[in-house]
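Working notes, structure below.
Just so we're on the same page: letters track the sequence lines, and every chain starts at 1. Quick note: numbers below take in every heavy atom, side chains included, and nothing from hydrogens, waters or symmetry partners.
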Protein chains: 2
Amino acid sequence: MTTSPPSIVVGLNAVIIALTDGQPRVLTVSLPEDTPIEGGTRAGGGEGQRLLEALPTGPLDPEGDRTLELALRRWVCAYAGLELGYVEQLYTFGDRDRDPRELGGGPRVVSAAYIALVRESEPADGLGARWRSVYRFLPWEDWRGGRPQVIDEHIAQALTRWIDAGPDPEDRLHRRVRAGVSFGLEDSPWDGERVLERYELLFELGLVAESIRDREPLREGSTNPEIHRGLGLEMAFDHRRILATALGRIRAKIRYRPVVFELMPSTFTLLQLQQAVEALAGVGLHKQNFRRLVEQGGLVEGTGRHEHLTGGRPAERFRFRREVLLERPAPGVGLPGARH
Amino acid sequence: MTTSPPSIVVGLNAVIIALTDGQPRVLTVSLPEDTPIEGGTRAGGGEGQRLLEALPTGPLDPEGDRTLELALRRWVCAYAGLELGYVEQLYTFGDRDRDPRELGGGPRVVSAAYIALVRESEPADGLGARWRSVYRFLPWEDWRGGRPQVIDEHIAQALTRWIDAGPDPEDRLHRRVRAGVSFGLEDSPWDGERVLERYELLFELGLVAESIRDREPLREGSTNPEIHRGLGLEMAFDHRRILATALGRIRAKIRYRPVVFELMPSTFTLLQLQQAVEALAGVGLHKQNFRRLVEQGGLVEGTGRHEHLTGGRPAERFRFRREVLLERPAPGVGLPGARH
DNA sequence: TCCTTTATGCTCAACTTGAGCATTATCGAT
DNA sequence: ATCGATAATGCTCAAGTTGAGCATAAAGGA
């Protein structure tokens, strides 16, 4: 059987999330700027070009891999030495020209992205894989310390300029509403789950490095060179969009499925659990109400053992009660008492 | 460029849902039992073999189609004459041997399935496309008239037999819990969203036609020939699994996004709206509480005009208030007062 | 022993949900 | 015209949930 260039390649992207030092982390690899197309396994490193962070990506072996998920587990294990636990399908990205090299006659790349949640650990390195805080890439998403600086310093003004640049009043109203809803301006509330919406708006406005890189002409209206360096850390291909999709999904899911526990050690204090939820949700929570929710919701049970390194009164260590899954239809951790 | 047999084909499946006569309907086509592999467009009809219902399926043109969603819209419009409105990606199915003909050396088929919601209308027929009640395929999912007969008559016993056939006590406990949670037996509540879980359990037990068709040896323990005819209407390939996935997703989504309105005419009475939600959710709702929820939730606004063909006091006609999308983070219709 | 720090217990008001009673408006049959 | 059936719509009430905050407990360190 002769191998002619395939017209379609199916790639698998992994958004592998862990929680370390109170930050949600994502596993990334470094990628020289022009790498063989996605779908072929590549593992960082390169000659001497600009390196970009990318999500680990591997191919589907149409004959060998029985399922997409198994394919993903197989090569993540092979190349990053990570045994994945919880894995769920995120989204399939199939736009043409997601990968610039498609333009040169390469195959169409359809990428199935997966989210994996793992307990913190060092990846078997040497492949250039590393853990990066998710908020390095999406700094406007972290509201734990109040409204992020980057919004006031860069985003708000750029949004205002964009709104005012609308060609007619109706269009300006539309822009105002869109910006307000996405970023919780004016009287719209901040909605932590609209992560993708926000990224796409910033992309449209030319505020992220990818929009300058991947789009043809330069935007009018975005003249500030400082902004042109881009908000947050750039990623290869459309991987930052994928990361944004993943964060939005995790934030939504945490409310009605006990997925946080996939990121926790087997026992933990309630403060640790709360901080894990806060890290993912990107907002601070009301401590007492959080306790009430997880305890009365039957999500955890005390172990009787205590943690003494709290800096204050020792805290009881809890464990996840797997049985909830059977008792309640939608046992999530919820986000009670997000501080206003 | 020579065309050698591709090793991977990307197919697009459409779960197109409408609401007619109080039933959720899905658009299906008839498919002779051995049809060219998915991913090539086919439009029903055939010689004289057994016909199976299938979801409309079309190919991705790797060069022509800019996005997966546009590809889907393109051929649904071309072959079924349907302009799709609301479309969302459902799931990507990529297991090997989903299509039996892959065994014969055919290409690996990866199918991206989409949900589309449309207002009722006749499809441009002649292609064998027709609307079928979703509950013809998944009859155990319709609890509007109380617990469905098929559960008491067939499923419950089969589950019990399966539980008792567990090799050891631990295994039997596990089976009992799984059956209980999935089908709301014993003290577990019925969870309308676990549609896929239920279908997969029935598939494992050999209670649906597909499991006999697609699996190698016959199950032990399933000796009842009546049951072997299968519960609900059979579909081609894994399309019933896809339909189950879609129904579960719609039921979940209806709670936090106003998607029902995609299925409604521009104005409607509150009872019509309630019946639409009930049709999708598969459960009856408390009328007064439902009103309260949609009115106070700002989801609808009265038009001042009334419908007189109600059989009782005339009902005001309402319309969807698009503005909610901007006001509240998660404006769904919820399922208030699901009758116990 | 006091102070700081965190854990944990408890209360209270506001709001949401589940259930059901009561009243109103039409149509059709008497 | 009146009665009865059928819906629509208005309203109440108890129970449960959520948002906020006060109060107390138990450590370690100055």
Determine all donor-acceptor pairs shorter than 3.5 Å in which one atom belongs to a side chain in residues 176-185 of chain B; sequence neighbours excluded.
from, atom 1, to, atom 2, distance (Å)
R178(B), NH1, E204(B), OE1, 3.4
R178(B), NH1, E204(B), OE2, 3.2
R178(B), NH2, E204(B), OE2, 2.8
S182(B), OG, R178(B), O, 3.1
S182(B), OG, E197(B), OE1, 3.3

Along DNA chain D (nearest heavy atom to each residue), the more 5'-positioned of R313(A) and G312(B): G312(B)

Look at the side chain of H286(B) and decide which nucleotide, out of dG20(C), dG19(D), dT17(C), has an atom nearest to it. dG20(C)

Tell me, which of residues 314-322 of chain A have any heavy atom that sits under 4.0 Å from an atom in DNA chain C? P314(A), A315(A), E316(A)

Does L271(A) reach a base, just sugar-phosphate, or nothing at all? Heavy atoms under 4.0 Å. sugar-phosphate

So, do V26(A) and L247(A) sit near enough that their side-chain heavy atoms are less than 4.5 Å apart? no

Closest to the 5' end of DNA chain D, once G311(A) and R292(A) are matched to their nearest nucleotides, is R292(A)

For dA7(C), does either OP1 or OP2 sit under 4.0 Å from a side-chain N or O belonging to K287(A)? yes

Using a strict threshold of under 4.0 Å (side-chain N to carboxylate O), is an ion pair present between R251(B) and E193(B)? no

Using modelled atom types only, decide if a donor and an acceptor are shared between the side chain of R136(B) and the backbone of R25(B) within a distance under 3.5 Å. no

Would you indicate whether the side-chain heavy atoms of V300(B) and F261(B) approach each other to under 4.5 Å? yes

Hey, are the side chains of R147(B) and W143(B) touching, using non-hydrogen atoms and a 4.5 Å cut-off? yes

OP1 or OP2 of dT8(C) versus the side-chain N and O atoms of R291(A): is any pair under 4.0 Å? yes

